[in-house]
Asker: 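Take a look at this one; I'll ask things after.
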Amino acid sequence: MSRKKLHRDFLMNSNVFPLFFLMISRKSSIMVSVSNNFGLFFITCCLCVPIMVIALTDSCGKPMKRYNRVKLGFFLHSPFPSSEIYRTLPVRDEILKGLLNSDLIGFHTFDYARHFLSCCGRMLGLDYGSKRGHIGLDYFGRTVYIKILPVGIHMGRLESVLDLPSTFNKVKEIREQFMDKKLILGVDDMDIFKGISLKLLAFEQLLQLHTEFQGKLVLVQIVNPARSCGKDVQEAKRETYTTAKRINEIYGSPDYEPVILIDRHAPRYEKTAYYAAAECCIVNAVRDGMNLVPYKYIVCRQGSFAMDEALGVKLDSARTSMLVVSEFIGCSPSLSGAIRVNPWDIDSVAEAMNMAITMPDAEKQLRHEKHYRYVSSHDVAYWARSFIQDLERAFICSSHCLSIQKDKQKGNFLDYDGTVVPQSSIVSSPSPEVVNVLDALCNDSNNTVFIVSGRGRSSLSDWLAPCEKLGLAAEHGYFMRLNKNTDWESLASDLDWKAIVEPIMKLYTEATDGSSIEIKESALVWHHQDADPDFGSCQAKELLDHLENVLANEPAVVRRGQHIVEVKPQGVTKGLVAEKVLSMMASNDIFACTVGQKPSKAKYYLDDTVDVMRLLRGLANASNPKPQDSADFQDVETGKCGSFGGLAKFPSVG
């Protein structure tokens with residue numbers, strides 16, 4: 001056995017695939033092996049999981065910036081498990097981070113996408129939202145787009161098989177074999193997820209309850225060869241044969257066999273012929289990916305000109321088809337005319353088959369026409385074209401260089417959290433490197449540097465005490481000082497509303513485990529970052545509505561941010577700080593830059609705090625140049641050497 005196949009069987013078939021199909025492995029040795037050999041495991045995933053493009057990551061799951069010009073698309077051709085199941089995987093975070101290096105991630109259904117987004121929210125603390133009709137996740141300053149796009153079939157390939165003489169002959173043979181009988185067809189792989197035995201039990205129930213079908217209804221079950229030979233597969237195969245044998249013994253006769261099992265490799269023309277001849281097709285999987293069997297059945301029931309001519313069928317004759325599909329397969333939401341069933345409910349599946357067989361031909365025709373219009377227009381070419389177009393749209397990035405003139409007065413306004421300190425960092429104080437770079441910028445008389453933050457003035461004063469010339473604006477500009485040697489200035493405002501807000505926030509804090517209140521001098525902030533993501537978000541929305549109602553006539557504004565609800569005085573904004581400082585400067589040429597691509601009037605953006613520090617180091621080097629008038633630096637991400645020498649390089653948003 002090859003090394004690749006060994007790791008596929010050991011890691012994927014025994015652990016990842018069952019988990020994605022909502023089955024948790026009980027083998028602790030496999031879990032430990034996966035955790036201890038993640039590098040090999042991830043390579044195996046890349047080789048085995050059916051995707052379009054593999055994302056490139058470093059060992060920590062962060063984007064590898066040396067590939068920042070690569071367009072990355074990922075499409076998962078299988079279900080994605082719910083967060084309760086997925087969280088049992090030891091390398092859960094690494095896989096999510098790897099996937100999030102893509103520009104576009106595709107899923108067959110919204111259910112699969114919703115599970116993925118829930119995992120990202122609960123395990124990585126990421127928020128998502130609708131961005132101009134597209135679902136977007138903010139990750140390391142990038143927007144990762146999520147696309148729901150069911151895959152289609154290759155219409156040309158299937159229609160070419162329909163036109164084969166061997167297909168015509170097989171259709172004639174089937175019609176002669178099952179003359180005066182109605183045919184129900186099932187085509188499935190032999191595994192524990194396809195629900196073949198449940199389908200047989202439902203068919204048995206149908207024959208028992210509706211005796212008029214005995215001798216007139218046949219279930220043909222084509223069983224594709226099993227992809228593995230584990231104990232579970234062998235048990236499923238044994239149960240299938242046992243059930244089929246019992247049905248044939250009870251309801252069969254010398255000239256009638258209710259259940260026909262075709263357990264061998266069936267040529268494509270033979271399957272196509274059965275599709276074309278069957279009155280109804282049933283897909284009863286308990287868990288599956290897209291499953292294109294219903295699509296193939298619909299196209300084959302439509303037939304072709306050559307087949308109609310060979311079989312003597314009039315071109316204008318009505319085409320009918322009936323589908324009974326499990327609600328747990330990916331194509332179910334796309335087939336609105338199909339009869340959807342819970343495969344575990346034997347009675348409802350039996351009744352669905354009865355409904356499909358006895359439905360009037362006029363209704364069968366309407367359902368078939370609706371399905372055929374969808375399947376023929378949403379084929380695999382449409383799927384690929386749509387995915388590539390969205391990938392092109394998601395990847396918008398171009399680099400620009402901005403010249404920094406050393407002798408010109410410059411104002412530098414920096415946010416704190418998410419700009420010079422990572423948003424997710426538990427340690428709120430700045431690193432020594434941040435303090436040193438800010439101090440170096442401040443030492444240039446042409447630089448006016450301000451930290452404009454929502455944090456309190458005491459915290460900012462303590463953390464940034466070494467930077468004596470650094471300007472601070474605390475609590476979004478309510479407090480402000482030009483440097484360490486000047487006094488704090490504050491805006492005059494009425495803060496009586498705090499007595500109304502605090503009791504309300506306390507009520508929501510008591511009702512929401514993991515939430516807390518931050519009391520500032522000019523504001524009150526309700527945090528729900530440590531609460532359950534869904535419940536915390538729901539409570540935040542309710543709190544926002546509650547506070548907006550009670551503060552309608554108060555001089556205060558309510559704002560919802562990332563994991564927070566904040567109440568602050570009216571008229572307090574960071575923009576007022578910038579306006580006041582710029583009014584004291586001789587020159588006020590402005591360029592704006594955001595951290596991460598987001599809705600903003602800023603022309604430029606940087607990916608994360610690491611890029612911010614690279615830019616600030618470059619600006620500091622330009623302000624305090626070495627004799628060569630250019631300061632070399634070492635890129636901590638790629639290890640490459642470069643020089644800012646008065647140039648700041650970063651991408652633009654358009």
Asker: Do you know the tightest heavy-atom contact between Lys364 and Ile357?
Answerer: NZ-O, 3.4 Å
Asker: What I'd like to find out is whether the side chain of Phe74 reaches to under 4.5 Å of the side chain of Leu104, using heavy atoms alone.
Answerer: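 Phe74 does not reach Leu104 side chain to side chain.
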Asker: For a 4.5 angstrom cut-off between non-hydrogen side-chain atoms, does His108 reach Leu149?
Answerer: no
Asker: Rounded to the nearest 0.5 Å, what's the gap from OG on Ser118 to OH on Tyr86? Could you check?
Answerer: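 Rounded to the nearest 0.5 Å, the OG-OH separation comes out at 12.0 Å.
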Asker: Within the supplied structure, the quantity of interest is the number of heavy atoms (other residues, nucleotides, ligands) at a distance under 6.0 Å from Asp308 CG; does it exceed 12?
Answerer: yes
Asker: Salt-bridge test for Glu392 and Lys71: reply yes if a basic N is under 4.0 Å from a carboxylate O, no otherwise.
Answerer: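 Looking at Glu392 and Lys71, the cut-off is met.
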Asker: So, for Tyr112 and Gly289, which heavy atoms are closest and what is the spacing to 0.1 Å?
Answerer: OH-O, 3.7 Å
Asker: Once you round to the nearest 0.5 Å, how far does CD of Glu212 lie from CG of Leu217?
Answerer: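 Answer rounded to 0.5 Å: 10.0 Å.
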Asker: Would you compute the distance between atom CG of Leu183 and atom CD of Gln177 and round it to the nearest 0.5 angstrom?
Answerer: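 Leu183 atom CG to Gln177 atom CD measures 9.0 Å (nearest 0.5 Å).
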Asker: Can you tell me if Lys237 has over 12 outside heavy atoms packed within less than 6.0 Å of its NZ?
Answerer: no
Asker: Calculate, to the nearest 0.5 Å, the distance between atoms CG and CD belonging to Leu206 and Gln214 respectively.
Answerer: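 Here the rounded value is 9.5 Å.
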Asker: Compare all side-chain heavy atoms of Lys147 with those of Ile105 and state whether any distance is below 4.5 angstrom.
Answerer: no
Asker: Tell me if the aromatic rings of His115 and Phe107 count as close, with their centers under 6.0 Å from one another.
Answerer: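 Here the rings of Phe107 and His115 have centres that are no less than 6.0 Å from each other.
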Asker: Tell me which pairs pass ring-ring contact (aromatic ring centres under 6.0 Å, His included) where either residue lies in residues 346-382, with sequence neighbours left out.
Answerer: Tyr374-His378, His378-Tyr382
Asker: Can you confirm whether Val218 sits close enough to Ile184 that some side-chain heavy atom of one is under 4.5 Å from a side-chain heavy atom of the other?
Answerer: no
Asker: Counting only N and O atoms by type, is there a donor-acceptor contact under 3.5 Å from the side chain of Gln205 to the main-chain atoms of Asp347?
Answerer: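 Looks like no, no N/O pair under 3.5 Å.
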Asker: What is the minimum heavy-atom distance between Tyr297 and Ala278, and which atoms define it?
Answerer: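 For Tyr297 versus Ala278, the nearest heavy atoms are OH-O, 3.2 Å.
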Asker: Any carboxylate oxygen within less than 4.0 angstrom of a Lys/Arg side-chain nitrogen, looking at Glu235 and Lys231?
Answerer: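 Salt bridge between Glu235 and Lys231, a charged N being under 4.0 Å from a carboxylate O: no.
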Asker: Is any side-chain heavy atom of Phe305 less than 4.5 Å from a side-chain heavy atom of Asp163?
Answerer: no
Asker: Do the charged groups of Lys170 and Glu173 touch, with an N to O distance under 4.0 Å?
Answerer: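 Yes.
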Asker: Side chains of Leu137 and Cys120: closer than 4.5 Å at any heavy-atom pair?
Answerer: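 They are in contact (side-chain heavy atoms under 4.5 Å apart), so the answer is yes.
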Asker: Ile282 and Leu185: side chain to side chain contact (heavy atoms under 4.5 Å, CB included), yes or no, with the steps?
Answerer: CA-CA 6 Å; Ile282 177 170; Leu185 178 66; over 6 Å; no
Asker: Tell me, with the steps shown, if Val299 and Met155 meet side chain to side chain contact (heavy atoms under 4.5 Å, CB included).
Answerer: CA-CA 8 Å; Val299 174; Met155 289 288 294; 3.7 Å; yes
Asker: Considering residues, nucleotides and ligands other than Tyr128, do more than 12 of their heavy atoms fall under 6.0 Å from its OH?
Answerer: no
Asker: Listed by chain and number, what are the salt bridge (charged side-chain N to carboxylate O under 4.0 Å, His left out) partners of Asp379, not counting sequence neighbours?
Answerer: none
Asker: Can you tell me if Ser336 and Lys370 form a side-chain donor-acceptor pair at under 3.5 Å?
Answerer: yes
Asker: Locate the shortest heavy-atom distance separating Pro333 from Thr109; write the atom from each residue and the value.
Answerer: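 Between these two residues, the closest heavy atoms are CG-CG2, 4.3 Å.
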Asker: Taking the side chain as everything from C-beta on, heavy atoms only, tell me whether Ile262 gets closer than 4.5 Å to Tyr274.
Answerer: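 SC-SC contact between Ile262 and Tyr274 confirmed.
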Asker: In chain order, what residues pass the salt bridge (charged side-chain N to carboxylate O under 4.0 Å, His left out) check against Asp532, with sequence neighbours excluded?
Answerer: Arg122
Asker: How would you list, by chain and number, every residue that makes a salt bridge (charged side-chain N to carboxylate O under 4.0 Å, His left out) with Glu204, sequence neighbours excluded?
Answerer: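 If we apply the salt bridge (charged side-chain N to carboxylate O under 4.0 Å, His left out) test to Glu204, skipping adjacent residues, the hits are Arg246.
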Asker: Given side chain to side chain contact (heavy atoms under 4.5 Å, CB included), test Met179 with Arg175 step by step and report yes or no.
Answerer: CA-CA 6 Å; Met179 188 178 299; Arg175 289 182 175 178; over 6 Å; no
Asker: Testing the basics here: between Ser348 and Val341, what is the closest heavy-atom pair and its distance to 0.1 Å?
Answerer: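 Minimum heavy-atom separation between Ser348 and Val341: O-CG1, 4.2 Å.
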Asker: Is there side-chain contact between Val144 and Asp138, with at least one heavy-atom pair below 4.5 Å?
Answerer: no
Asker: Output yes when a side-chain donor or acceptor of Asp191 lies under 3.5 Å from a complementary backbone atom of Phe193, and no otherwise.
Answerer: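 Yes: the side chain of Asp191 pairs with the backbone of Phe193.
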Asker: Who are the side-chain contact (heavy atoms from CB on, under 4.5 Å) partners of Asn342, not counting sequence neighbours?
Answerer: Glu327, Phe328, Trp344, Asp345
Asker: Could you pull out the closest heavy-atom pair between Ile346 and Leu198, with the gap in Å?
Answerer: CD1-O, 3.8 Å
Asker: Please report the interatomic distance OH(Tyr139) to CG(Leu99), rounded to the nearest 0.5 Å.
Answerer: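 Answer for the OH-CG pair, Tyr139 versus Leu99, is 10.0 Å.
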Asker: Please identify each residue that fulfils side chain to side chain donor-acceptor pair (under 3.5 Å) with Tyr256, with sequence neighbours left out.
Answerer: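 So Tyr256 forms no side chain to side chain donor-acceptor pair (under 3.5 Å) with any residue.
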Asker: Do any N or O atoms from the side chain of Ser332 and from the backbone of Ile329 form a donor-acceptor pair under 3.5 angstrom?
Answerer: no
Asker: Looking only at side chains, do Arg301 and Thr320 share a donor and an acceptor under 3.5 Å apart?
Answerer: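 Thr320 and Arg301 do have a side-chain donor-acceptor pair below 3.5 Å.
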Asker: For the pair His210 (side chain) and Phe213 (backbone), establish whether a donor and an acceptor sit closer than 3.5 Å, ignoring hydrogens and angles.
Answerer: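 Pair absent, no side-chain N/O of His210 close to backbone of Phe213.
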Asker: State the CD-CD1 distance between Glu176 and Ile174, to the nearest 0.5 angstrom.
Answerer: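 These two atoms lie 10.5 Å from each other.
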Asker: Can you see whether Asn224 engages Lys194 through a side-chain donor-acceptor pair at a distance of less than 3.5 angstrom?
Answerer: no
